[in-house]
Every structure is written in structure tokens, then in C-alpha cells.
**Student:** 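Following this message is one structure expressed as C-alpha cells.
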Amino acid sequence: MKKWVIGNWKLQGSRSFLRSYFAEFAESAQASAEKFLAGGVQLAICPPASYLSEAVSVIADLSEPWSERVLIGAQNIAEYGEGAYTGEVAADMVKDCGAAIALVGHSERRQLFGETDAQVAQKMRQAFAAELVPVLCVGESLQERESERTLLIIEQQLKQACANLSSDQWARLVIAYEPVWAIGTGLTATPEQAQEVHAFIRAQCAQMQSRSVVRVPLLYGGSVKGGNAQSLLTQVDVDGVLVGGASLKASEFAQILAASWG
Ligand code: PGA
């Protein structure tokens, strides 16, 4: 199955950063160009919403094989469609800017902006309706892990967001397991810890899918770096990585891409 490598820039970047970043990325990733062209890896970057259109046009200007093959994604979408919701950005608008994917329920949204499971479910519906690929983020806090509630929390988050998905929607979904204690902290889940939760998510997905079971790409996120990506990506149920801090360094992101071929 195709591996996914997604960069999440969070609230960082600028128009000039976009241009210099992708120029450096294309150069650093040159050794991976042939493999990338042959397929096998889906690459995406999620810049702040204000730079979505600019990112799409910068990518269109890149040399082959990167041109138009690197997907652009939103870090968040509104739970509503168009209307009187000051400050929000609708899934349709994100799509209209050329984005193909959207992170949904990132732990920073849940923790810092109080996003609930019900809102996450609503955002999933908006993403599907706009024909975006939702990257549903789930994960436990340190306290939840220490009190051995990791799997329970993950199960709740999955059930709230994925109840009643159609088989078409299952076929388009991506899930990222991001333990909250590993995000931006420098603490990474061990490959075994990641694999254990990924296998659980895989089993939960199979249970929720009524008819034919599709293999949902399961990404790991939380302090992924050039140096640890490969050991995570070689786990049987780790189909990709969602990278925050390290995705802002073009050469390190290129290193993570190279690690995705093993
Ligand atoms: P990090 O962030 O790689 O900086 O830990 C991951 C994420 O928040 O998606």
C-alpha cells in the first residue's frame, strides 16, 4: 500500500518561505525523484490556510516529478458550510483553493480550541462533502496513557468520528495516530508502542466497516524526524507519518521522504 508523508507547518510560514522551502526541498529530494515518480508515496504539505493557493501555485511551478504531485492540505476546516461564521474557513473554500486533504481533529485543535468529538464528526462530514480527504487525528494524553486508558480513548474518538461512514467514505479516509505527549515534545512513541495502537485502530476500523473492509492508511505523528522515521515506517501497520516541526526543514523532510521506501 502507498505510504503517506504529510507535513504540518502549523502556524508558521510566509509567502517567501514557501518559495525557498520548495526550491530547497526539490533539490534535497533529488535522490528520491525516480522512486517518487514510480509511485508508492503520497506526499502532502499543510501550510496555514492563508497560503493554500500560493502553495498550490508554487508546487505547479516545481520541476518534475514534484510539480502537481505534492498535495496541499488544510490544517483545519469549519464544521459549517458557508454562512455567518466570522473567521472560519469552509471545506469547500479550502477545496476551491486547490487543497486535496484536510487534517481533522488535530490534538492542538482539541486541546487549545476546545474542539469536541461531536465537532470533529461534523468536520468529517464537511470534508467528505467537499471531496477532500480527511486525515482524522486521534491520540491520548500522557495522563490517559499513564492511567492505561489509551485504547479506550482512541476507540471513543474513532467511534464518534467514523460512525456511519459509507464504504466510499471509508475508502477515502486517512487516520493519524498522534499521542498528545509526543507532539512537539521531542518524545516519540517507540515503534512498538506505535504498532500496538495502529493494530488496535486497524481492528476497530474493520469492526466499524459493515461490508467489505478497506485498508485505511494509518499514519503515526509525534516528534517524527529524519532519524526515527524509518524505524516507525517499517512497522506493519504504520502506513505513513504526519510530521510537524521536522517538516519545516526542507532537507529533513526530504530525508523523511527517503525513509518511506525503507
Ligand atoms: P511534531 O508535530 O512532529 O512537531 O511533534 C506533529 C503534529 O502535530 O502533527
Side-chain angles (χ1 to χ4, degrees), residues 3-13 17 21 25 42-49 51-52 55 70-77 94 99-115 120 123-124 127 132-142 144-145 150 153-154 157-158 161 173-191 193-194 197-198 201 216-233 235 238-260:
K3 295 269 194 224
W4 283 74
V5 177
I6 304 181
N8 170 15
W9 285 3
K10 311 194 179 187
L11 193 51
Q12 288 154 117
F17 177 77
Y21 177 92
F25 175 79
Q42 187 64 73
L43 192 59
I45 291 274
C46 302
Y51 300 123
L52 289 173
V70 180
L71 303 182
I72 289 300
Q75 298 171 12
N76 179 38
I77 47 171
V94 156
I101 71 171
L103 306 186
V104 177
H106 188 279
S107 70
E108 282 154 16
R109 301 294 319 165
R110 295 179 192 257
Q111 288 204 313
L112 305 175
F113 303 97
E115 230 172 69
V120 171
K123 289 180 182 204
M124 290 279 287
L132 292 165
V133 169
V135 181
L136 170 68
C137 303
V138 296
E140 81 287 3
S141 65
L142 184 58
E144 288 159 350
R145 175 161 281 265
T150 298
I153 296 295
I154 304 283
Q157 292 175 343
L158 286 174
L173 176 65
V174 173
I175 296 176
Y177 167 54
E178 296 208 304
V180 177
W181 49 271
I183 296 180
T185 57
L187 293 173
T188 317
T190 62
Q193 282 172 324
V197 179
H198 280 228
I201 296 174
V216 176
L218 303 183
L219 281 47
Y220 169 80
S223 298
V224 174
K225 298 187 177 59
N228 61 20
Q230 194 164 2
S231 61
L232 290 156
L233 282 160
Q235 298 299 307
V238 177
D239 306 311
V241 284
L242 175 51
V243 188
S247 74
L248 284 157
K249 296 174 211 133
S251 59
E252 188 164 8
F253 197 54
Q255 200 184 337
I256 294 171
L257 172 67
S260 63

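First listed ligand is number 1; within each ligand, the first listed atom is number 1.
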**Student:** Pairs in or reaching into residues 132-141: which pass salt bridge (charged side-chain N to carboxylate O under 4.0 Å, His left out), with residues at least two apart or in two chains?
**Tutor:** E140-R145
**Student:** Counting neighbours of CG on L112 that are heavy atoms of other residues, nucleotides or ligands and sit closer than 6.0 Å, is the number greater than 12?
**Tutor:** yes
**Student:** So do the side chains of K225 and Q255 get within less than 4.5 Å of each other, counting heavy atoms only?
**Tutor:** no
**Student:** Distances only, to 0.1 Å: what are the N or O pairs between ligand 1 and the protein that fall under 3.5 Å?
**Tutor:**
{"residue": "ligand 1", "atom": "2 (O)", "partner": "K10", "partner atom": "NZ", "Å": "3.2"}
{"residue": "ligand 1", "atom": "3 (O)", "partner": "S223", "partner atom": "N", "Å": "3.4"}
{"residue": "ligand 1", "atom": "3 (O)", "partner": "G244", "partner atom": "N", "Å": "2.8"}
{"residue": "ligand 1", "atom": "4 (O)", "partner": "G245", "partner atom": "N", "Å": "2.9"}
{"residue": "ligand 1", "atom": "5 (O)", "partner": "G184", "partner atom": "N", "Å": "2.6"}
{"residue": "ligand 1", "atom": "5 (O)", "partner": "S223", "partner atom": "N", "Å": "2.8"}
{"residue": "ligand 1", "atom": "8 (O)", "partner": "K10", "partner atom": "NZ", "Å": "2.8"}
{"residue": "ligand 1", "atom": "8 (O)", "partner": "H106", "partner atom": "NE2", "Å": "2.6"}
{"residue": "ligand 1", "atom": "9 (O)", "partner": "H106", "partner atom": "NE2", "Å": "3.2"}
{"residue": "ligand 1", "atom": "9 (O)", "partner": "E178", "partner atom": "OE1", "Å": "3.3"}
{"residue": "ligand 1", "atom": "9 (O)", "partner": "E178", "partner atom": "OE2", "Å": "2.8"}

**Student:** Run the salt bridge (charged side-chain N to carboxylate O under 4.0 Å, His left out) test against E144 and tell me which residues pass, sequence neighbours left out.
**Tutor:** none
**Student:** Applying side chain to side chain donor-acceptor pair (under 3.5 Å), can you list everything that pairs with E108, at least two apart in sequence or on another chain?
**Tutor:** K10
**Student:** Please identify which of these residues, Q157, E178, R110, meets the side chain to side chain contact (heavy atoms under 4.5 Å, CB included) condition with C137.
**Tutor:** E178
